[in-house]
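Report on one structure; see the data block that follows.
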Protein chains: 2
Amino acid sequence: MNAARKKPEDKRSSPRAQPSQGNIPLGPLEKSIGYALRRAQVAVFADFMSHIGDAGLRPAQFSVLLVIRETPGLKQSVVADALGIQRTNFVAMVDELQKKGWLDRVPADRRSYALHLTEAGEAKIAEALAMHTAIERRIGRLLGPGGRASLLEHLRIIATTLADAERDDGQRA
Amino acid sequence: MNAARKKPEDKRSSPRAQPSQGNIPLGPLEKSIGYALRRAQVAVFADFMSHIGDAGLRPAQFSVLLVIRETPGLKQSVVADALGIQRTNFVAMVDELQKKGWLDRVPADRRSYALHLTEAGEAKIAEALAMHTAIERRIGRLLGPGGRASLLEHLRIIATTLADAERDDGQRA
DNA sequence: TATTGTTATACTCTATAACTATA
DNA sequence: TATAGTTATAGAGTATAACAATA
């Protein structure tokens, strides 16, 4: 996912890219929700990176700062759990955000930390959120007024229903 | 993405998981198309892995076999490009599928290969496709008749429009 | 005893640079 | 000169196991 990196190669000297390769049929993939979800998600994240990534802020980090901004003082494990990140992988993320000066670990008791944004973190997330809002509005224009709400609802249904099913499978096993 | 792996820990001895942690508000993330896309995509891939992953077939590999089944004899780089995979990363994928006996490299000229499914590959993809179809139908039931088609169209618009914008950015740079 | 944070580790996915052989 | 496949490498993301300190 690094659409922000330079693209030094931009030859495309010939008008058509490939010989005899108009559009390769993807078969059942073309009607697959899973595949369409992946392609759309990749595109949106690349778009995010090209607009916000220059600030050194990746999507996952953006989500962390937003949650802490919404509720300052949350414990590491609570933030990680809310975002579906394992606490073991969350350690390095907080380390990095702290090293960048956007976030502080404030001791809550002697084994846990309360997470708070620094002033720099508040400024950074405000700036990133403004660009994120612009991106979302652009998507809204693409899909039409009801389209965006409809899409959000469909995605919510899929995420919650399938995630619950996974959890049930785990319990049954 | 490894939902198929065992889940040995299933304690949940206490009725509620966390103290004072009902539902953490995610703020603007709750209305974010990008975040909703990610959560839905993760859920669908986990669902895929829990049903098809036991066969040792991951989503990306599934997509490769499907494309080759649809059009046997395609070159490596054409398949990779059609799926948005860089040809440099595609080499190991083909190696692995070939090692599993699902796919063959047939020399086309002296620098390129035509990809074909083996008999075992045909059987494997037929089996996986049946399960994939069942998964897709389940999503169809979740979203209602028009919902699934609407979702597919929205995802297609997002993927194509944003991907094109990225390409234009690259050209302008 | 259960929770919290942590380290170590490994595997997948993705990205770039550079190379060989061939068209 | 451009294309096809390849290798090497690096950075993210995500998964599990095991541990110390604390509640």
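Since the structure is predicted, the reported quantities are computational estimates derived from the model, not experimental observations. We name chains A, B, ... by the order of the sequence lines, and we start the count at 1 in each one. Hydrogens, waters and symmetry mates play no part in the numbers below; they use all other heavy atoms, side chains included.
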Original post:
Using a cut-off of less than 4.0 Å, is there contact between a side-chain N or O of A:Gln76 and OP1 or OP2 of C:dT4?
Top reply: no
Subject >> Nearest non-hydrogen partners of B:Ala43 and A:Ile158, listed with the distance >> reply: CB-O, 4.3 Å
**OP:** Go through the structure and list residues passing ring pair (Phe, Tyr, Trp, His ring centres under 6.0 Å) with B:His154, not counting sequence neighbours.
**Re:** none
**OP:** Look at the side chain of B:Lys75 and decide which nucleotide, out of D:dA23, D:dG5, C:dT4, has an atom nearest to it.
**Re:** D:dG5
**OP:** For B:Arg105 and B:Val91, work out which heavy atoms get closest and say how close.
**Re:** NH2-O, 3.5 Å
Original post:
To the nearest Å, how far apart are B:Leu103 CG and D:dG5 P?
Top reply: 12 Å
Original post:
Below 4.0 angstrom, N of the basic side chain to O of the carboxylate: do B:Glu96 and B:Lys99 qualify?
Top reply: no
Subject >> Separation of atom CD in A:Gln61 from atom P in D:dG11, rounded to whole Å >> reply: 15 Å
Original post:
Is there a donor and acceptor pair closer than 3.5 Å between the side chain of B:Asp109 and the base of D:dA4?
Top reply: no
**OP:** Could you tell me the separation between the CD1 atom of B:Ile85 and the P atom of D:dA4, rounded to a whole number of Å?
**Re:** 17 Å
**OP:** Indicate, with a heavy-atom threshold strictly under 4.0 Å, whether A:Tyr113 touches base, sugar-phosphate, or nothing.
**Re:** sugar-phosphate
Original post:
Between atom OG of A:Ser32 and atom CZ of A:Arg38, what is the distance when rounded to the nearest 0.5 Å?
Top reply: 11.0 Å
Original post:
Any side-chain N or O of B:Arg58 less than 4.0 Å from the OP1 or OP2 oxygen of C:dC13?
Top reply: yes
**OP:** Report the distance from atom CG of A:Asn89 to atom C1' of D:dG11, rounded to the nearest whole Å.
**Re:** 15 Å
**OP:** Please report the closest heavy-atom contact between B:Arg138 and A:Leu162, naming both atoms and the distance.
**Re:** NH1-CD2, 3.4 Å
Subject >> Nearest-neighbour nucleotide for the B:Arg111 side chain, C:dT6, C:dT16, C:dA21 considered >> reply: C:dA21
Original post:
Going by heavy atoms in the side chains, are B:Glu122 and B:Arg69 under 4.5 Å from each other?
Top reply: yes
Original post:
For DNA chain C, what residues of residues 31-40 of chain B have any heavy atom nearer than 4.0 Å?
Top reply: none
**OP:** Look at the side-chain N and O atoms of A:Gln86 and state whether any lies under 4.0 Å from the OP1 or OP2 oxygen of D:dA15.
**Re:** yes
Original post:
Hey, is the side chain of B:Thr88 poking within less than 4.0 Å of OP1 or OP2 on C:dA15, counting only N and O atoms?
Top reply: no
Original post:
When the distance from CG of A:Leu57 to P of D:dA12 is rounded to whole Å, what number comes out?
Top reply: 13 Å
Original post:
Ion pair present between B:Arg156 and B:Glu153, side-chain N to carboxylate O less than 4.0 angstrom?
Top reply: yes
Original post:
Are A:Arg105 and C:dT4 close enough that a side-chain N or O sits under 4.0 Å from OP1 or OP2?
Top reply: no
Original post:
Atom CZ of A:Arg87 and atom P of D:dA15: how far apart are they, to the nearest Å?
Top reply: 14 Å
**OP:** Please say whether more than 12 non-hydrogen atoms of neighbouring residues, nucleotides or ligands are located less than 6.0 Å from CZ in A:Phe90.
**Re:** yes
**OP:** Strictly below 4.0 Å, heavy-atom distances to any atom of DNA chain C: list the hits from residues 91-99 of chain B, or just say none.
**Re:** none
Original post:
How long is the line joining CZ of A:Phe90 and P of C:dT4, in whole Å?
Top reply: 14 Å
Subject >> Same apolar cluster (I L V M F W Y, side chains within < 4.5 Å links), B:Leu142/B:Leu151 >> reply: yes
Original post:
Base, sugar-phosphate, or nothing: which does A:Arg110 touch, judged by heavy atoms less than 4.0 Å apart?
Top reply: sugar-phosphate
Subject >> Under-4.0 Å side-chain N/O to phosphate OP1/OP2 contact, A:Ser77 with C:dG5 >> reply: yes
Original post:
Taking CD from A:Gln41 and C1' from D:dG13, how many angstroms apart are they, rounded to a whole number?
Top reply: 11 Å
